[in-house]
Trainee: 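Have a look at the structure that comes next, please.
Hydrogens, waters and symmetry mates are skipped; everything else that's a heavy atom, side chains included, is used. Every number for a ligand or one of its atoms is a count from 1 in the order of the listing.
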Amino acid sequence: MIYHHETIFTGKEAEKALNNYLLKSASRHSSTFILTDQNTHKHCLSILSSKFRLPEHSIILEIESGEVNKNLSTCIRLWKELAAHGADRHSLLMCLGGGMLCDIGGFVASAYQRGIDCVYIPTTLLSQVDASIGGKTGVNLDKLKNYVGFYSPPKSVFIISDFLKTLPDNEMLSGYAEVVKHALLSDDKYFHNLTKQFPNYEAVRFNENWADVVERSVKIKSNVVKSDPYEHGLRKVLNLGHTVGHAFESYSLENDAVPLLHGFSVAMGLIVELKLSVWLCRFPEMLSNEIIKYILAVFPYYRFQKEEIPKITGIMNFDKKNRDGKIRLTLLKKPGDLITNVICTQELIEKSLLEYLDLADEANDLKFQS
Ligand SMILES: NC(=O)c1ccc[n+]([C@@H]2O[C@H](COP(=O)([O-])OP(=O)(O)OC[C@H]3O[C@@H](n4cnc5c(N)ncnc54)[C@H](O)[C@@H]3O)[C@@H](O)[C@H]2O)c1
């Protein structure tokens, strides 16, 4: 199978490229659908239509935002709406939204009539630095994250900073967690530069120029994806923080009135996996403590009862990276040097979660202004 990489456009180039794409689309596509959720409909659609010449008679499809709606019922509704509007194999689906919307939109497009053209216009920091890159599409199966899906990259991704202006503070911070992860995948120097540029939550919140940070993350992620698109080896490094992070996210989705955002789950997952990296991969303990302190200063802390630990580790048993019933993690030897498939016992993960709970006193209970 050949992996066709998406073409990713960032910065000023992205606006030009989207204009060109839309011009060509007029003759290439029989109809155009723009997928939004209620927030991107409200905040992003007017920017899109004022800055770009959208095909006449574009049809707007809208889904409800929120991770709970990233499921097969939403897909079925969308497939029926596409069919009802006469979408055929030459139709185009433009996904205007965050990672949830791109994941589900990409999945819907790749299955509808065995695949129609799809492009992403990511509108959250998280989707610009991470979710829109690498071709993973899919939906959740009840509490199991991204359990059903394809590797199916969109034709192109147009990353335009203007859309970030209306993004709520908590969503901005959620995206920043993936930026921190990318820095740990890259090197010590980039991580320390970030801590200087964004020493605390306010620095992330009031930052107005994301172009360089986004560009750097896009490069880090797409270089990894290009060398291993189907996650046979190297791509697993991108899972740093995600095995534990996904377990927090799934647990929270089931148990909390306001579920934990993806990036916050990843930030907490990074703390736990840094502890495991010290124990299993000899990651320097002082540096691990420094990074954990930084994460606690920037991201909100997730509180849960000690008695819930078995439920959280239980979710990890369903992680897609496991083999032979064993939990396998991506851990760090040092920034930029990762080890994949580290087998980890449930007991050790439980110990790391207990240590995580001990950090509560240093933690940050951020109050967000959205
Ligand atoms: N495919 C991948 O490789 C990959 C990688 C990482 C994460 N993900 C997935 O991405 C999802 C998380 O992405 P996300 O954080 O972007 O979530 P999201 O798409 O749910 O968006 C977050 C919220 O922001 C709103 N929003 C989006 N753009 C806005 C804007 N410009 N202004 C105002 N509000 C806006 C949305 O309506 C939503 O309420 C998860 O489902 C996760 O599994 C996928």
Trainee: If we set the cut-off at 4.0 Å for heavy atoms, which region of Asn146 has an atom near ligand 1: side chain, backbone, both, or neither?
Mentor: side chain
Trainee: Please check whether His43 reaches ligand 1 - meaning an N/O of the residue sits under 3.5 Å from an N/O of the ligand, judged on distance alone.
Mentor: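 No.
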Trainee: Measuring from atom CZ of Arg235 to atom OH of Tyr230, what distance do you get when rounded to the nearest 0.5 angstrom?
Mentor: 10.0 Å
Trainee: Starting from atom 31 (N) of ligand 1, locate the nearest protein heavy atom and write down its residue, its atom name and how far away it is, to 0.1 Å.
Mentor: Phe163 O, 2.8 Å
Trainee: Working to the nearest 0.5 angstrom, can you tell me the gap between Lys275 NZ and Ser352 OG?
Mentor: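 One gets 8.5 Å once the value is rounded to the nearest 0.5 Å.
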Trainee: Which heavy atom of the protein is the closest neighbour of atom 35 (C) of ligand 1, given with residue, atom name and distance?
Mentor: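 Of every protein heavy atom, Leu167 CD1, 3.7 Å lies nearest to atom 35 (C) of ligand 1.
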Trainee: May I ask you to identify, for Ala131, whether its side chain, its backbone, both or neither come under 4.0 Å of ligand 1 on a heavy-atom basis?
Mentor: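 Within the 4.0 Å criterion, Ala131 contacts ligand 1 through backbone and side-chain atoms alike.
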Trainee: In the protein, what heavy atom is nearest to atom 6 (C) of ligand 1, and what distance, to one decimal place, separates them?
Mentor: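 For atom 6 (C) of ligand 1, the nearest protein heavy atom comes out as Asp130 OD2, 3.5 Å.
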Trainee: Do Asn146 and Lys70 have side-chain N/O donor and acceptor atoms under 3.5 Å apart?
Mentor: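 Result is yes, a qualifying pair exists.
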Trainee: Indicate, as side chain, backbone, both or neither, the part of Lys136 found under 4.0 angstrom from ligand 1 when only non-hydrogen atoms are considered.
Mentor: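 It is both backbone and side chain that touch ligand 1.
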Trainee: What part of Cys102 sits under 4.0 Å from ligand 1 if we count only heavy atoms: the side chain, the backbone, both or neither?
Mentor: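 It is neither; nothing of Cys102 touches ligand 1.
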Trainee: Please write down residue, atom name and distance for the protein heavy atom closest to atom 39 (O) of ligand 1.
Mentor: Asn39 ND2, 3.1 Å
Trainee: Could you tell me which atoms of ligand 1, counted from 1 in the order shown, lie closer than 4.0 angstrom to a heavy atom of Gly99?
Mentor: 10 (O), 11 (C), 13 (O), 14 (P), 16 (O), 17 (O), 19 (O)
Trainee: Is a side-chain donor-acceptor pair under 3.5 Å present for Ser31 with Ser91?
Mentor: yes
Trainee: Out of the candidates Glu231, Arg328, Lys181, only one should pair with Asn239 under the side chain to side chain donor-acceptor pair (under 3.5 Å) rule; please name it.
Mentor: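 Result: among Glu231, Arg328, Lys181, Glu231 is the only option passing the side chain to side chain donor-acceptor pair (under 3.5 Å) with Asn239.
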Trainee: At under 4.0 Å between heavy atoms, which part of Leu126 makes contact with ligand 1: side chain, backbone, both or neither?
Mentor: side chain
Trainee: Is there a heavy atom of Lys221 sitting under 4.0 angstrom from any atom of ligand 1?
Mentor: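 Yes, that is the case, since the closest heavy atom of the residue is under 4.0 Å from the ligand.
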Trainee: What class does the angle between the rings of Phe107 and Trp79 fall in, given that below 30° is parallel, 30 to 60° is tilted and above 60° is perpendicular?
Mentor: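 Phe107 and Trp79: tilted rings.
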Trainee: For Ser65, counting its heavy atoms only, list the atoms of ligand 1 lying under 4.0 Å from any of them.
Mentor: 37 (O), 39 (O)
Trainee: With side chain to side chain donor-acceptor pair (under 3.5 Å) as the test, pick out the partner of His262 among Glu178, Glu171, Glu67.
Mentor: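 For His262, the side chain to side chain donor-acceptor pair (under 3.5 Å) check succeeds only for Glu178.
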Trainee: Return the minimal non-hydrogen interatomic distance between Ala131 and Asp103, and the atom names on each side.
Mentor: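 Smallest heavy-atom distance, with atoms named: O-OD1, 4.3 Å.
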Trainee: Does one hydrophobic cluster hold both Val298 and Tyr190, with members joined at side-chain heavy-atom distances below 4.5 Å?
Mentor: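 Both belong to a single hydrophobic cluster.
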Trainee: Relative to atom 21 (O) of ligand 1, which among Thr166, Val129, Thr124 owns the nearest non-hydrogen atom?
Mentor: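 Looking at heavy atoms only, Thr124 sits closest to atom 21 (O) of ligand 1.
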Trainee: Give the residue, atom name and distance (to 0.1 Å) of the protein heavy atom nearest atom 28 (N) of ligand 1.
Mentor: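 It is Thr123 OG1, 2.7 Å.
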Trainee: In terms of the angle between their ring planes, are Phe304 and Tyr302 parallel, tilted or perpendicular, with boundaries placed at 30° and 60°?
Mentor: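 Judged by the thresholds at 30° and 60°, the geometry between Phe304 and Tyr302 is tilted.
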Trainee: Ring centres under 6.0 Å, that's the criterion: do Phe206 and Phe198 meet it?
Mentor: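 Ring centres of Phe198 and Phe206 not closer than 6.0 Å.
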Trainee: Can you establish whether the number of heavy atoms outside Asp358 located under 6.0 Å from its atom CG is more than 12?
Mentor: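 Check passes, neighbour count above 12.
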Trainee: Taking 4.0 angstrom as the limit and counting only heavy atoms of Cys44, give me the atoms of ligand 1 inside it, by number and element.
Mentor: 30 (C), 31 (N)
Trainee: Provide the number and element of each atom of ligand 1 under 4.0 Å from a heavy atom of Thr40.
Mentor: 27 (C), 28 (N)
Trainee: Tell me whether ligand 1 is touched by Gly134 - counting only heavy atoms on the residue side and a distance under 4.0 Å.
Mentor: no
Trainee: Is Asp37 close to ligand 1, meaning an N/O of one under 3.5 Å from an N/O of the other?
Mentor: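 Yes, at least one N or O pair falls under 3.5 Å.
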Trainee: Suppose we measure from atom 11 (C) of ligand 1 to each protein heavy atom; which comes out shortest, and what is that distance?
Mentor: Met100 N, 3.3 Å
Trainee: Write out the residue and atom name of the closest protein heavy atom to atom 9 (C) of ligand 1, then the distance separating them to 0.1 Å.
Mentor: Asp103 OD2, 3.3 Å
Trainee: Are Tyr294 and Phe191, when compared by the centres of their aromatic rings, separated by less than 6.0 Å?
Mentor: yes
Trainee: Roughly how far apart are Leu329 CG and Leu338 CG, rounded to 0.5 Å?
Mentor: 12.0 Å
Trainee: Give the atoms of ligand 1, by number and element, whose distance to some non-hydrogen atom of Gly98 is under 4.0 Å.
Mentor: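 That gives atoms 16 (O), 19 (O) of ligand 1.
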Trainee: So which heavy atom in the protein is nearest atom 40 (C) of ligand 1, and how far is it from that ligand atom?
Mentor: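 For this ligand atom, the closest protein heavy atom is Glu67 OE1, 3.2 Å.
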Trainee: Looking at ligand 1, would Lys145 count as a contact under a 4.0 Å heavy-atom criterion?
Mentor: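 Yes, that is the case, since the closest heavy atom of the residue is under 4.0 Å from the ligand.
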